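One structure is given below, encoded as structure tokens.
Here is the naming used below: chain letters follow the sequence lines, and residue numbers restart at 1 for every chain. Bear in mind the structure is a predicted one, so any value in this text is a computation, not a measurement.
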There are 2 protein chains.
Amino acid sequence: MRRTPVGRQTRARGIPEATVARLPLYLRALTALSERSVPTVSSEELAAAAGVNSAKLRKDFSYLGSYGTRGVGYDVEYLVYQISRELGLTQDWPVVIVGIGNLGHALANYGGFASRGFRVAALLDADPSVVGSTAAGLPVRHMDELESIVDSQQVSIGVITTPPGAAQQVCDRLVEAGVTSILNFAPTVLTVPDGVDVRKVDLSIELQILAFHEQRKSGEEPEEGRPAEEPARERAPGPVRAAAAKLRRAAGAAKDAKELGENDRQAVLPA
Amino acid sequence: MRRTPVGRQTRARGIPEATVARLPLYLRALTALSERSVPTVSSEELAAAAGVNSAKLRKDFSYLGSYGTRGVGYDVEYLVYQISRELGLTQDWPVVIVGIGNLGHALANYGGFASRGFRVAALLDADPSVVGSTAAGLPVRHMDELESIVDSQQVSIGVITTPPGAAQQVCDRLVEAGVTSILNFAPTVLTVPDGVDVRKVDLSIELQILAFHEQRKSGEEPEEGRPAEEPARERAPGPVRAAAAKLRRAAGAAKDAKELGENDRQAVLPA
DNA sequence: ATGCGTTTGTGAACGTGTGCACAAAGATGG
DNA sequence: CCATCTTTGTGCACACGTTCACAAACGCAT
């Protein structure tokens, strides 16, 4: 029973995932240097521009091969090309966006989309009142056309910006039609067959992580609850009934933060 | 010269970063169970719903304390409360959104924003033609009001959805005004003082990572260039001039994927 | 040619994260 | 009250990622 909801495949041709995730960062910094006609750059400089450690950067580049010159640094244009090639950005990637709500609109209008080889092949939505309108000069087409578009345009990347309730269904259709990489903005765990990559972007999760650290800063209580287990939280003493009673109190405080029908919300951004 | 562009602080009160990043996932799955009035859940079930390994989930929860009951599982409502509390979601987090372009609009309209304790304190923009309009029922106010709003409403979290060129400047003002956590949608490396957290959401990076893996799938060349270093890429033979000459050829192919004035683009989504 | 200063590339140590596998703990039924 | 069954909590081993520190490589000046 192999489940691969996210599919973190390890070490494709020896390049670590962590390195792959940083290559776009380097590429962006290098592109900026290239525009300023800077010919070469040292690992120290580039690392500063990309916001990483210089040793890490050198090790990252070492996985791509030895493109630097000792005593000098890296040739900017050459590196731009090598990283672009490694990331597969020298070819064209047609992309479909499914779910043209607020976020879908924003993505369709996204200028940086067309650059770096990504091309919006089609905008899709299930809502008849949205279908037919245009976003960023492109017509919004009906979901029914999904299969034919993916097939005819050889789309291998799909972006899901639907409400969470529709995400898995849309995902299944995309995969069935031949899409093998999915960028998911819906706050849902997508289950896909082996061989399909899913990455998720989740605003809510990022905010919650920030809130966690923020709480640490302000509520810098004197080593909260290290000496004798903090007062508000004690070890569950009895069987489930006791815990259930305790939670009845707790539930009141939590209910505020719980909205109804999370899966039916129209918003297209992660919840 | 301590630089902390991203600031990954390790192990706050013993809870690993990786665990913190998963807590919102568990919370979401638990909220769904709670709405279906499911009283208890086993680590196996919950792990499946959250898309993670059950052993990992149990270890994650063990950092929060021992909230489970052996032979039974976890009490859903109780866990919802405990995780909410741990993440700091039982309190109110006023948030400002700076840069009301396409994405700013999408975020303002984002329903899941108000839930989980996050409240939009203000929408800000520098463009006079945008200031005064409303988004999601809130008026867009001018950047000039940033400081007074942050101060009066005790805002500690800021969301940056400006063009990349303005991001660092906005960031500086937010930090100066008292914001200590920033969610950055602009494709820029933000430099902040110690004590300020920055998290970034970057569509372009996610797409490029997908493209990388996608390239691996289709172009499954027979172990590309392992036996004798692939032909197109050879070791730099001479001094910089030779490398520079080589890149001249390469540059042509790379130029397609390079747009001009990346920092001036109006789009508010990551490039 | 030789030496000097600079910067890369990487071995090695360390820290973090993951997953197995199992003992301990509780529920449940007789 | 004991036996059995389920599920948690965690010790341990391993994989992955990060950082240090330094030898090797290179440009350049003499």
Side-chain angles (χ1 to χ4, degrees), chain A residues 2-4 6-12 14-23 26 39-48 50-76 78-79 82 235-244, chain B residues 2-3 6-12 14-23 26 39-48 50-76 78-79 235-244:
Chain A
R2 279 292 313 281
R3 291 279 235 78
T4 311
V6 163
R8 169 195 180 77
Q9 64 210 73
T10 46
R11 212 46 80 90
I15 301 182
E17 264 303 304
T19 295
V20 172
R22 279 187 295 266
L23 291 182
Y26 302 144
T40 61
V41 65
S42 71
S43 64
E44 206 75 47
E45 293 168 312
L46 186 54
V52 302
N53 183 297
S54 71
K56 195 181 335 196
L57 178 142
R58 286 198 300 275
K59 182 146 286 189
D60 283 343
F61 285 175
S62 79
Y63 292 116
L64 308 185
S66 299
Y67 295 145
T69 306
R70 295 169 194 234
V72 175
Y74 298 91
D75 187 292
V76 172
Y78 190 52
L79 250 191
Q82 288 299 342
R235 191 61 194 74
V240 181
R241 300 205 188 289
Chain B
R2 280 294 310 283
R3 294 278 235 77
V6 162
R8 169 195 179 81
Q9 65 211 73
T10 46
R11 210 48 78 94
I15 301 183
E17 265 301 305
T19 295
V20 172
R22 280 188 295 266
L23 289 182
Y26 302 145
T40 62
V41 65
S42 71
S43 63
E44 206 74 46
E45 293 168 311
L46 185 54
V52 301
N53 182 297
S54 71
K56 193 181 336 194
L57 179 142
R58 287 198 298 277
K59 185 151 287 188
D60 284 341
F61 285 174
S62 79
Y63 292 116
L64 309 183
S66 298
Y67 295 145
T69 306
R70 294 172 193 233
V72 175
Y74 298 91
D75 187 291
V76 172
Y78 189 53
L79 250 192
R235 191 60 196 77
V240 180
R241 302 209 187 286

Open item on the list: In whole Å, I'd like the distance from the CD atom of A:Glu17 to the P atom of D:dG17.
Closed with: 8 Å
- [ ] Whole angstrom is fine here: how far is it from CG in A:Leu64 over to C1' in C:dT10?
- [x] 15 Å
Task: Minimum-distance pair of heavy atoms, taken over all atoms of A:Leu46 and A:Val41 - done: N-CG2, 3.7 Å
Enumerate the protein-to-nucleotides 1-7 of chain C contacts in which both atoms are nitrogen or oxygen and the separation is below 3.5 Å.
| unit_1 | atom_1 | unit_2 | atom_2 | d |
| --- | --- | --- | --- | --- |
| C:dT7 | O4' | A:Gly71 | N | 2.9 |

Open item on the list: Counting only side-chain nitrogens and oxygens, does A:Asn53 get under 4.0 Å of the OP1 or OP2 atom of D:dC20?
Closed with: yes
Task: Value rounded to 0.5 Å, distance of CG in B:Leu23 from CG in B:Leu79 - done: 10.0 Å
Task: For A:Ser42, all residues meeting side-chain contact (heavy atoms from CB on, under 4.5 Å), sequence neighbours excluded - done: A:Glu44, A:Glu45
Open item on the list: Would you say the ring centers of A:Tyr67 and A:Tyr78 fall short of 6.0 Å from each other?
Closed with: yes
Open item on the list: In whole Å, I'd like the distance from the CD atom of B:Glu44 to the P atom of C:dG19.
Closed with: 13 Å
Contacts under 3.5 Å, N or O only, protein and nucleotides 2-5 of chain D:
none

Task: Rounded interatomic separation in angstrom, taking OH from B:Tyr63 and C1' from D:dT10 - done: 10 Å
Open item on the list: Using side chain to side chain contact (heavy atoms under 4.5 Å, CB included), reason through A:Leu64 and A:Tyr26 one step at a time and then give a plain yes or no.
Closed with: CA-CA 13 Å; A:Leu64 308 185; A:Tyr26 302 144; over 6 Å; no
Open item on the list: Nearest whole Å is fine: how far is D:dT7 P from B:Lys59 NZ?
Closed with: 20 Å
Open item on the list: Taking the nucleotide of DNA chain D with the nearest heavy atom to each, does B:Arg58 or A:Ala18 sit closer to the 5' end?
Closed with: B:Arg58
Task: Whole angstrom value for the distance that separates C1' of C:dT16 from NZ of A:Lys56 - done: 12 Å
Task: Straight-line distance of A:Lys59 NZ to A:Arg22 CZ, nearest 0.5 Å - done: 11.0 Å
Open item on the list: Distance check needed: C:dG9 P versus A:Leu46 CG, whole Å only.
Closed with: 12 Å
- [ ] Could you tell me which non-hydrogen atom of B:Ser43 sits nearest to which non-hydrogen atom of B:Tyr74, and how far apart they are?
- [x] CB-CE1, 4.0 Å
Task: Reported CG-to-CZ distance for the pair A:Asn53 and A:Arg58, which is rounded to 0.5 angstrom - done: 8.0 Å
Task: Nearest-angstrom distance from the residue atom OH of B:Tyr67 to P of C:dG26 - done: 17 Å
Task: Shortest non-hydrogen separation from A:Ala47 to A:Ser54 and the atoms involved - done: CB-CA, 3.5 Å
